[in-house]
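Ligands are counted one by one from 1 in listed order, and the atoms in each one are counted from 1 as well. Since the model is a prediction, treat every value here as computed from it, not as a measurement.
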Amino acid sequence: MSKYHLLYRLRITPWERYRTAAAGSVARLLNREAHERPELGRALDLGCGLGHYTRELARQGWTATGIDAVAGAIERARTFGDGDVGDGHVRFVEGDVRDLAEDLGTFDFFLDVGCLEGLDDADLARAAASITARANPGATLLMLAFGPRFHWLIDGLSREQIERAFAGWTMLRVEPAQTRGLGWPMNMTSPHWYRLRLA
Ligand SMILES: C[S@@+](CC[C@H](N)C(=O)[O-])C[C@H]1O[C@@H](n2cnc3c(N)ncnc32)[C@H](O)[C@@H]1O
């Protein structure tokens with residue numbers, strides 16, 4: 001059983017606290033993403049957990065899919081509602097970001113809040129290849145990652161690791177993420193938001 005299967009079974013989901021604390025800053029980033037586009041297409045929320053961001057994307061008008069490897073998380077995400085939300089649509093599927101199924105279709109926007117940072121270099125490369133295969137030309141990826149691992153309990157990635165894995169993508173922007181709401185020691189990890197575009 002993976003760390004996340006166990007955590008969901010025990011109903012220990014500390015990242016939900018950050019979602020609440022950082023709601024304003026995340027909303028600004030998602031609004032900026034939406035406003036840069038003449039029309040919103042299909043979005044994939046990688047490691048969506050309980051699907052709060054997936055539903056937020058749908059409220060903005062995206063046709064949003066949330067994917068997570070833990071069946072229990074997807075079941076709970078669905079209980080908060082799927083189908084039409086706001087101007088968009090939301091659905092949830094169980095699956096692995098390292099091996100995105102072809103029948104998911106292709107996407108214009110990928111959101112990653114705390115999923116890819118948990119992968120080692122080999123799995124990150126697999127996930128990047130899988131995401132690239134499911135990306136429409138000009139697709140963007142917005143990801144939040146802690147800095148490189150400094151504590152055995154906390155995952156993280158460096159900018160170099162991300163750029164190496166997503167070699168076919170252009171790094172558009174790197175900006176520090178809000179640390180309020182993270183608690184110690186996560187608030188010491190120098191988290192950043194990375195925005196990349198498929199060249
Ligand atoms: C830190 S939690 C963040 C959840 C959600 N993005 C949020 O911010 O509320 C990371 C999520 O990634 C999921 N995850 C981890 N590895 C995964 C993989 N290989 N494929 C799909 N989901 C994965 C976990 O089950 C967990 O729900």
Side-chain angles (χ1 to χ4, degrees), residues 1-30 33 43-59 62 64-82 90-101 104 107 109-134 141-147 149 151 153-157 161-162 165 177-183 185-187 189 191-194:
M1 178 182 287
S2 78
K3 168 179 92 177
Y4 283 111
H5 283 86
L6 182 63
L7 289 172
Y8 281 111
R9 183 166 290 184
L10 298 174
R11 298 215 165 218
I12 298 173
T13 53
W15 49 88
E16 295 282 310
R17 279 201 306 273
Y18 182 69
R19 185 180 59 77
T20 311
S25 63
V26 179
R28 268 193 299 284
L29 289 167
L30 296 184
E33 190 69 42
L44 185 63
D45 183 6
L46 302 157
C48 65
L50 304 186
H52 299 288
Y53 294 122
T54 327
R55 270 186 300 282
E56 184 55 36
L57 290 168
R59 269 193 289 275
W62 294 94
T65 301
I67 188 164
D68 203 284
V70 179
I74 290 297
E75 273 164 35
R76 280 169 64 190
R78 288 187 181 131
T79 63
F80 291 107
D82 52 10
V90 66
R91 73 174 179 134
F92 295 100
V93 295
E94 183 187 340
D96 192 320
V97 299
R98 296 168 299 178
D99 190 17
L100 295 170
L104 285 169
F107 297 89
F109 177 48
F110 297 86
L111 177 67
D112 165 41
V113 184
C115 173
L116 296 179
E117 69 176 7
L119 305 179
D120 63 23
D121 282 336
D123 281 339
L124 182 63
R126 245 178 91 187
S130 182
I131 291 165
T132 305
R134 304 262 55 82
L141 162 66
L142 180 67
M143 63 182 286
L144 172 68
F146 290 145
R149 189 174 297 224
H151 186 285
L153 263 177
I154 302 168
D155 303 316
L157 292 173
Q161 282 174 292
I162 296 168
Q178 174 183 323
T179 52
R180 187 166 47 84
L182 278 173
M186 278 89 78
N187 55 5
T189 61
H192 281 79
W193 285 100
Y194 299 89

Which is closest to atom 12 (O) of ligand 1 in terms of heavy atoms, Gly47, Cys48, Ala73? Gly47

Looking only at non-hydrogen atoms, the one of Leu46, Leu7, Asp68, Val26 nearest atom 13 (C) of ligand 1 is Asp68

Identify the protein heavy atom lying closest to [atom], giving its residue, its atom name and the separation to 0.1 Å.
{"atom": "atom 23 (C) of ligand 1", "result": "Cys115 SG, 3.5 Å"}
{"atom": "atom 8 (O) of ligand 1", "result": "Tyr53 CE1, 3.4 Å"}
{"atom": "atom 20 (N) of ligand 1", "result": "Val97 N, 3.0 Å"}
{"atom": "atom 9 (O) of ligand 1", "result": "Trp15 CD1, 3.3 Å"}
{"atom": "atom 3 (C) of ligand 1", "result": "Val113 O, 3.3 Å"}
{"atom": "atom 22 (N) of ligand 1", "result": "Ala69 N, 3.2 Å"}
{"atom": "atom 24 (C) of ligand 1", "result": "Tyr4 CG, 3.4 Å"}

For the rings on Tyr8 and Trp15, is their centre-to-centre separation under 6.0 Å?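 Ring centroids of Tyr8 and Trp15 are less than 6.0 Å from each other.
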
Do any nitrogen or oxygen atoms of [X] come within less than 3.5 Å of a nitrogen or oxygen of ligand 1?
{"X": "Asp96", "value": "yes"}
{"X": "Val70", "value": "no"}
{"X": "Gly114", "value": "no"}

Decide yes or no for [X] and [Y]: does some side-chain heavy atom of the first lie under 4.5 Å from some side-chain heavy atom of the second?
{"X": "Ile74", "Y": "Cys48", "result": "yes"}
{"X": "Met143", "Y": "Leu157", "result": "yes"}
{"X": "Leu44", "Y": "Ile131", "result": "no"}

Could you note down all residue pairs passing side-chain hydrogen bond (donor to acceptor under 3.5 Å, both in side chains) where residues 120-130 supplies at least one of them, sequence neighbours left out?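 Found Arg98-Asp123, Asp121-Gln161.
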
Between atom [atom1] of [X] and atom [atom2] of [Y], what is the distance when rounded to the nearest 0.5 Å?
{"X": "Arg134", "Y": "Leu100", "atom1": "CZ", "atom2": "CG", "value": "7.5 Å"}
{"X": "Leu7", "Y": "Thr13", "atom1": "CG", "atom2": "OG1", "value": "8.5 Å"}
{"X": "Phe110", "Y": "Thr65", "atom1": "CZ", "atom2": "OG1", "value": "10.0 Å"}

Run the salt-bridge test on Arg78 and Glu75 with the 4.0 Å N-O cut-off and return the result as yes or no.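 No, this pair does not count.
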
Looking at Asp68 and Gly49, would you say the former's side chain and the latter's main chain have a donor-acceptor pair under 3.5 Å?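 Confirmed, Asp68 side chain pairs with Gly49 backbone.
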
Strictly under 4.0 Å, does any heavy atom of Gly118 approach an atom of ligand 1?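 No, Gly118 has no heavy atoms under 4.0 Å from ligand 1.
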
Heavy atom of Tyr8 under 4.0 Å from ligand 1?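 Yes; Tyr8 lies near enough to ligand 1 that a heavy-atom distance drops under 4.0 Å.
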
Show me which atoms of ligand 1 lie under 4.0 Å from any heavy atom of Gly95.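 So the answer, numbered in order with elements, is 20 (N), 21 (C).
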
